[in-house]
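Since the structure comes first, as structure tokens, the remarks are kept for the end.
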Amino acid sequence: MQKAVSSTPFYALASALKEAGFPAHGERIDSVLNGVWTTSSELITELGQVVLVARKECKPIDPATKALFKECMRQVRTVWPGFGSFSWLPF
């Protein structure tokens, strides 16, 4: 049985990005979280995509926000193993 994905780190990341001066990225994560999706897998895919974009574009980031990025990707990869492996720079 697959482990449940928590939305908590995504909300925390959205808040952290807004506070760090990246409000557009935080709003985009919030928009995906509050959107209407056909399946939960579709939601997780969309979250993974916006997290990848935010990680590439939001620099510099503090260690706490970096940890939130890692946790969000860990959540995405519980559903989609290897998601973003080729476009994601390890950190």
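Scored by the side chain to side chain donor-acceptor pair (under 3.5 Å) test, Thr8 finds Ser6 as partners (sequence neighbours excluded). Shown here are the salt bridge (charged side-chain N to carboxylate O under 4.0 Å, His left out) partners of Glu46, two or more places apart in sequence or in another chain: there are none. Scored by the side chain to side chain donor-acceptor pair (under 3.5 Å) test, Ser7 finds no partners at all (sequence neighbours excluded). With sequence neighbours excluded, the residues forming a side-chain contact (heavy atoms from CB on, under 4.5 Å) with Ala54 are Leu17, His25, Cys58, Phe69, listed by chain and number. Residues meeting the side-chain contact (heavy atoms from CB on, under 4.5 Å) test with Leu68, sequence neighbours left out: Ala12, Leu13, Ala16.
In this structure, Ser15 contributes its side chain and Tyr11 its backbone to no donor-acceptor pair below 3.5 Å. A distance-only check finds no donor-acceptor pair linking the side chain of Arg77 to the backbone of Gly82 [under 3.5 Å].
Remark: Ile44 CD1 to Phe83 CZ distance equals 10.0 Å, nearest 0.5 Å. For the atom pair Leu43 CG and Asn34 CG, the distance stands at 10.0 Å (nearest 0.5 Å). Distance check, rounded to the nearest 0.5 Å: CG of Leu33 to CG of Leu47 gives 5.0 Å.
Residues in residues 10-32 take part in these salt bridge (Lys or Arg N to Asp or Glu O under 4.0 Å) pairs, two or more places apart or across chains: Lys18-Glu27, Lys18-Asp30. Applying the salt bridge (Lys or Arg N to Asp or Glu O under 4.0 Å) definition to pairs two or more places apart or across chains, none involves residues 31-40. For residues 33-43, the set of pairs meeting the salt bridge (Lys or Arg N to Asp or Glu O under 4.0 Å) definition, not counting sequence neighbours, is empty.
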Under the side-chain contact (heavy atoms from CB on, under 4.5 Å) rule, what do Val51 and Phe10 come out as? Steps first, then yes or no, please. CA-CA 9 Å; Val51 169; Phe10 295 99; 4.0 Å; yes
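Shown here for Gln75 and Ala4, the closest heavy-atom pair between the two residues is OE1-O, 4.1 Å.
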